[in-house]
Amino acid sequence: MGNPADTTRNHAPRDHMHGGNAAPGPGRGASDAGTLVDEHRDHAYTADKDALLKRLSRIEGQVRGIARMVDQEKYCIDILTQISAVNAALHKVSLGLVEDHIGHCVVGAARDAQESGDPQLVTDKVQEATAAIGRLLR
């Protein structure tokens, strides 16, 4: 998953309320790595952030356990079984985040589109969600 403090991602941050890539403006600026920093903090998952972090910590522990199994030269099928469990746990986290994104960000974009009269706001959010789901299915 990587370090949450890592700012060297290969994608531009998204403006979570209005769709599209975040652009420099109030509350946004360039990071040391030359990518934009998304200062938006209103994400759907923040209400369950502690539970999400706890689940990710558990998954991290599972991955460390797999590394120990490899180091101890455990039976390959046992290792593959544990890898399958980690993948299932990550998929469960991913689906929860997708559900939160649709329920909060896409719905918010629909509300913004209705208020502003700009249907592109919701179109952008739906395309963003569709692309994320596509990446999960690879």
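Residue Leu121 is not grouped with residue Ile102 when hydrophobic side chains (ILVMFWY) are merged at heavy-atom distances under 4.5 angstrom, including chains of intermediate members. Criterion: ILVMFWY side-chain heavy atoms under 4.5 Å apart, direct or through other members. Under it, Val126 and Ile133 are part of a common hydrophobic cluster. Leu97 and Val106 are assigned to two separate hydrophobic clusters, defined by single-linkage of ILVMFWY side chains at heavy-atom distances under 4.5 Å. Hydrophobic clustering, with ILVMFWY side chains joined whenever heavy atoms are under 4.5 angstrom apart, keeps Val107 apart from Val98.
Between Val122 and Ala109 the shortest heavy-atom distance is CA-CB, 4.1 Å. Across all non-hydrogen atoms, the minimal contact from Pro119 to Ala113 is CA-CB, 4.2 Å. For Gln62 against Val86, the heavy-atom pair with the smallest separation is CB-CG2, 3.6 Å.
For residues 55-70, the pairs satisfying salt bridge (charged side-chain N to carboxylate O under 4.0 Å, His left out) are Glu60-Arg64, with sequence neighbours left out. Applying the salt bridge (charged side-chain N to carboxylate O under 4.0 Å, His left out) rule to pairs touching residues 69-98 yields nothing, sequence neighbours excluded.
Screening Ile83, Thr81, Ile79 against Met69 for a side chain to side chain contact (heavy atoms under 4.5 Å, CB included) leaves a single residue, Ile79.
Taking CD1 of Ile77 as the start and OG of Ser84 as the end, the distance is 11.5 Å to the nearest 0.5 Å. Rounding to the nearest 0.5 Å places OG of Ser57 at 10.0 Å from NZ of Lys54.
In this view, Gln120 and Asp124 satisfy the side chain to side chain donor-acceptor pair (under 3.5 Å) rule, not counting sequence neighbours.
For the pair Leu53 and Lys49, the minimum side-chain heavy-atom distance is below 4.5 Å.
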